[in-house]
Amino acid sequence: MHPLLINSLIMKIITINSGSSSIKFKLFDMPIQKELLSSLVEKIGEDFSTILTTINNQKSITKIKLNSHKDAFKLMAITLKENNIKQDDISQVVHRVVHGGDFFNSATIIDKKVIDKITELIPLAPLHNPSNLLGIKKAQSLYPNAIHIAIFDTSFHQTLPNYAYRYAISNNFYEKDRIRRYGFHGTSHQYILSEMSKILKKNKPNLITLHIGNGVSATAIKKGKSIDTTMGFTPLEGLIMGTRCGSIDPSITIFLAKSKNLTLDEIDKILNKESGLKGLTDTQDMRDIINLSKKGNIYHLAIEMFCYAIIKQIGAYIATINAKVDAIVFTGGIGENSPFIREKILEKLNHLGIKIDRKRNIESKTFINKKSSKIKIAVIPTNEELQMARLAFNYTKDNNV
Ligand code: ADP
């Protein structure tokens, strides 16, 4: 057993989500699941980086220039020190890694082999895995005595059956190139599953989980396992998102390349960064879109399209689960905070016996369905970092690390 686990019943765990220009750190006391500190560093490498720090519910914002991830990690260590957290107090550092391919289906201790696999998977997640690796490298040099653990966005969806994860293209593309549905947002869907299991007092519930934020994905969970999810080979597939188009006819990309002479990189940027709500309305912020929406204008149409895609998906997943659905759950920035969008989606499912309680919805209660509703409807704030800390803590406990 790791010495720090023996020495103290309470462990300090840092979670790290290292992106290309931003890093989110959180510090937890485990197993009591207390969040002690969080810090969101944005705009690394720009003229001014912003650092939003929350300690004991007190928020503060600072602006300084941080040239690189190395600077951001140094700043994290200083912030921890100022709060009397020494280097050796940290027993685990938990890293979010976006793409684990079909190699990783649970929390994994990071060693050379794991680093090599994450590196091998870069072609599948060129925007994410390199920044995740950079974070791992920097944190390992700052906290050499801690156990470093990777949590993959894809792991929770490794239970998908092959008929749900295969695409109907040549076998070779699957066998040689690993082209298949992987699914993402796994940590969030899994957190919702664990919260709902407690609330429903049911070990392995059937759920439709809707993560509706800038990124949007739905997952069908049957008997506590992900059996289908909307994001695919990359996070681009599926529902309409802040800047991603979601599912479109693949021929559109060929048409754009051929008839508009666009390069593949240009098309990639258009579909990932300039489409979705932003492509339709010029803003990706759902609050602005709702405020500007009037029947007949583009903001109104964007909301109709956004909700329509989710309504269709809920219908599909009710069929996919093929058993009583215990709850439909809303989470993510929009799912948690917009009664308007929730109602727009749910009012179209009335004929299936799904009945929203308007008052409970406006108050964002945990359950927002009428008693007579055939399926419960819940609103649960997601907490990916806490889920990462839980998965890492349980992994070391279960494996006697
Ligand atoms: P990310 O996927 O980047 O984590 P979030 O989950 O924070 O994003 O979601 C961001 C989205 O949530 C934005 O479109 C924002 O406008 C939307 N949002 C936040 N609060 C509200 C609200 N009260 N009503 C509608 N949309 C909201």
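Counting convention: from 1, in listed order, for ligands and their atoms alike.
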Keeping S22 on the side-chain end and E42 on the backbone end, is there a donor-acceptor pair under 3.5 Å?
no
Can you list the atoms of ligand 1 that are under 4.0 Å from a heavy atom of Q284?
14 (O)
Within 45 degrees of the ring normal and closer than 6.0 Å to the centroid, is that where the cationic atom of R180 sits relative to Y174?
no
How far is atom 23 (N) of ligand 1 from its nearest protein heavy atom, and which residue and atom name does that atom have?
N337 O, 3.2 Å
Test of proximity, M286 against ligand 1: N or O pairs below 3.5 Å
yes
At a 4.0 Å threshold, what atoms of ligand 1 neighbour a non-hydrogen atom of D285?
14 (O), 15 (C), 16 (O)
Side chain proximity check, L193 to L207, heavy atoms < 4.5 angstrom:
yes
Within the structure, is a non-hydrogen atom of G215 found at a distance of less than 4.0 Å from ligand 1?
yes
Checking a contact table here: which protein heavy atom is nearest atom 10 (C) of ligand 1, and how many Å away?
N214 N, 3.8 Å
Any N or O on H211 sitting closer than 3.5 Å to an N or O of ligand 1?
no
Residue, atom and distance of the protein heavy atom nearest atom 19 (C) of ligand 1 read G333 O, 3.6 Å
Compute the ring centroids of F25 and F73, then answer whether they are less than 6.0 Å apart.
yes
Atom 11 (C) of ligand 1: the protein heavy-atom neighbour that sits closest, reported with distance to 0.1 Å
I334 CG1, 3.8 Å
Protein heavy atoms near atom 4 (O) of ligand 1, is at least one of them under 4.0 angstrom away?
no
Under 6.0 Å between ring centres, would you say that holds for Y182 and H99?
yes
Under-4.0 Å salt bridge between K112 and D116
yes
In ligand 1, which numbered atoms sit nearer than 4.0 Å to a non-hydrogen atom of S338?
24 (N), 25 (C)
Over-ring placement of K117 relative to F103, 6.0 Å and 45° cut-offs
yes
When you check the gap from the basic side-chain N to the acidic O, do E195 and R390 get nearer than 4.0 Å?
yes
